[in-house]
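Below, each value reflects all heavy atoms present in this structure, side chains not excepted, and no hydrogens, waters or symmetry copies. Residue numbers begin at 1 in each chain, while the letters A, B, ... track the order of the sequences.
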Number of protein chains: 2
Amino acid sequence: MEERFRELYESRAKIIKALAHPTRLFIIEELQKHERSVGELTAMIRADTSTVSKHLSVLKNAGIVADEKRGTSIYYQLRTPCIMNFIGCIEEVLELNAKAQMDILKCCRK
Amino acid sequence: MEERFRELYESRAKIIKALAHPTRLFIIEELQKHERSVGELTAMIRADTSTVSKHLSVLKNAGIVADEKRGTSIYYQLRTPCIMNFIGCIEEVLELNAKAQMDILKCCRK
DNA sequence: AGACTATATGGCTATATTGCCAAATAAGCA
DNA sequence: TGCTTATTTGGCAATATAGCCATATAGTCT
């Protein structure tokens with residue numbers, strides 16, 4: 001693997017890592033419907049504000065969401081909705097896994 | 001966020017986490033072209049065999065790749081090629097980020 | 001200015017991940 | 001059987017991440 005390739009994969013991995021957390025996946029799915037303020041998200045997630053804020057800043061640093069101050073709150077929105085497509089693929093993996101698990105159960109029971 | 005939702009996001013995050021590493025992204029891209037043995041991949045990546053083997057087992061546990069022993073080697077293949085689509089979206093994020101960076105540079109220079 | 005609200009940051013501990021080495025396993029072959 | 005090759009596993013040190021608390025910042029309102 002050549003060096004410049006390694007860098008490309010590194011950049012991609014950084015973005016993907018930003019997606020790789022349950023809370024952040026929730027946030028992304030929520031933002032796809034609506035833009036949301038930190039407070040609104042915090043209420044839905046039921047965690048410390050600071051925790052939610054940190055998750056948002058991870059997403060923002062990765063360039064996945066953008067924020068906009070309006071009135072007294074800061075609203076976050078999804079910057080690249082294509083992110084959602086990819087959830088579909090993850091779901092496909094999960095289904096395959098579940099199916100494989102079923103097969104194991106079926107085959108070894110009479 | 002209700003409990004059962006949390007579990008769904010948890011499952012998704014596990015899969016995504018398995019993708020979130022440069023070496024594993026390389027492996028996935030490589031497997032999309034070809035199935036490959038551990039040895040072949042190790043040669044391309046130039047890391048310890050044990051390291052590559054562990055990366056492969058992460059991908060396998062997530063259900064992203066499957067392995068098949070044939071002859072003296074174990075060949076790994078991509079189980080859900082849709083994984084590749086999602087790389088396209090990651091690329092889109094990277095491009096947006098780069099563009100934003102350019103804008104910053106342009107705007108603040110005379 | 002002072003008080004209040006919304007959000008972000010620093011600091012900390014607990015936990016997870018990475019990558020190497022050494023050792024274990026598994027299979028094929030002399 | 002013993003040797004060799006291919007791959008996996010265990011152990012360990014270095015590093016990164018998560019989440020909470022306390023604190024800081026920024027803006028609004030009186």
J.: When you measure from the side chain of B:S11 to the backbone N and O of B:E7, does any donor-acceptor pair fall under 3.5 Å?
T.: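 Pair found, side chain donor or acceptor close to backbone of B:E7.
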J.: For B:R24, answer base if it contacts any base atom (sugar-phosphate contacts may also be present), sugar-phosphate if it contacts only those atoms, and nothing otherwise; contact means non-hydrogen atoms under 4.0 Å.
T.: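 Sugar-phosphate: the residue B:R24, judged by heavy atoms under 4.0 Å, touches backbone atoms but no base.
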J.: Roughly how far apart are A:F86 CZ and B:N85 CG, rounded to 0.5 Å?
T.: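 Answer rounded to 0.5 Å: 11.5 Å.
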J.: May I ask you to decide whether B:R12 forms a salt bridge with A:E29, counting only side-chain N to carboxylate O separations under 4.0 Å?
T.: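 Counted as a salt bridge, because a side-chain N and a carboxylate O are separated by less than 4.0 Å.
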J.: Hey, can you tell me if B:Y9 and A:F26 have their rings parallel, tilted or perpendicular (30° and 60° cut-offs)?
T.: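 Ring orientation of B:Y9 relative to A:F26: perpendicular.
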J.: CD of B:E68 versus P of D:dT7: gap in Å, rounded?
T.: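 Answer to the nearest Å: 13 Å.
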J.: Any donor and acceptor pair, going by atom type alone, linking the side chain of B:R36 with main-chain N or O of B:E30 inside 3.5 Å?
T.: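 Side chain of B:R36 to backbone of B:E30: no pair is present.
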J.: Heavy-atom nearest nucleotide on DNA chain D for A:K69 versus A:A47: which residue maps closer to 5'?
T.: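 Between the two, 5'-proximity favours A:A47.
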J.: Check the distance between D:dA18's P and B:E10's CD and give it to me in whole angstrom.
T.: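 Nearest whole value for this atom pair: 12 Å.
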J.: For A:H21 and D:dT17, what is the distance between atoms NE2 and C1' respectively, to the nearest whole Å?
T.: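 Whole-Å distance recorded here is 8 Å.
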J.: Would you mind reading off the distance between A:L25 atom CG and D:dA18 atom P, rounded to a whole angstrom?
T.: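 After rounding, the gap between these two atoms is 12 Å.
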J.: Could you go over nucleotides 6-10 of chain C and give all protein N or O partners under 3.5 Å, atom names and distances?
T.:
residue, atom, partner, partner atom, Å
C:dT7, OP1, A:V38, N, 3.4
C:dT7, OP1, A:I74, N, 3.1
C:dT7, OP2, A:G39, N, 2.7
C:dA8, OP1, A:Y76, OH, 2.7
C:dA8, OP2, A:S53, OG, 2.9
C:dA8, O5', A:S53, OG, 3.4
C:dG10, O6, A:K54, NZ, 3.0

J.: Is the backbone of A:G63 close enough, under 3.5 Å, to the side chain of A:R79 for a donor and an acceptor to pair up by distance?
T.: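 Confirmed, A:R79 side chain pairs with A:G63 backbone.
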J.: Within the distance-only criterion (no hydrogens, no angle test), does the side chain of B:D67 pair as donor or acceptor with the backbone N or O of B:K60 below 3.5 angstrom?
T.: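 Flag not set: sc B:D67 to bb B:K60 has no pair under 3.5 Å.
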J.: Please give, in whole Å, the distance from C:dT18 P to A:R6 CZ?
T.: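 My rounded result for the distance is 15 Å.
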J.: B:K14 has an atom NZ; how far is it from atom C1' of D:dA18, in whole Å?
T.: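 For the pair B:K14 NZ and D:dA18 C1', the rounded distance is 16 Å.
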J.: Separation of B:I27 atom CD1 from D:dT7 atom P, in whole Å?
T.: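 So the CD1-P distance, B:I27 to D:dT7, works out to 13 Å.
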J.: Has B:H55 got a side-chain N or O lying under 4.0 Å from the OP1 or OP2 atom of C:dG19?
T.: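 Checking B:H55 against C:dG19: at least one side-chain N or O falls below 4.0 Å of OP1 or OP2.
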J.: Send over the distance from A:Y9 OH to C:dT18 P, rounded to a whole Å.
T.: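 So the two atoms are 18 Å apart, to the nearest Å.
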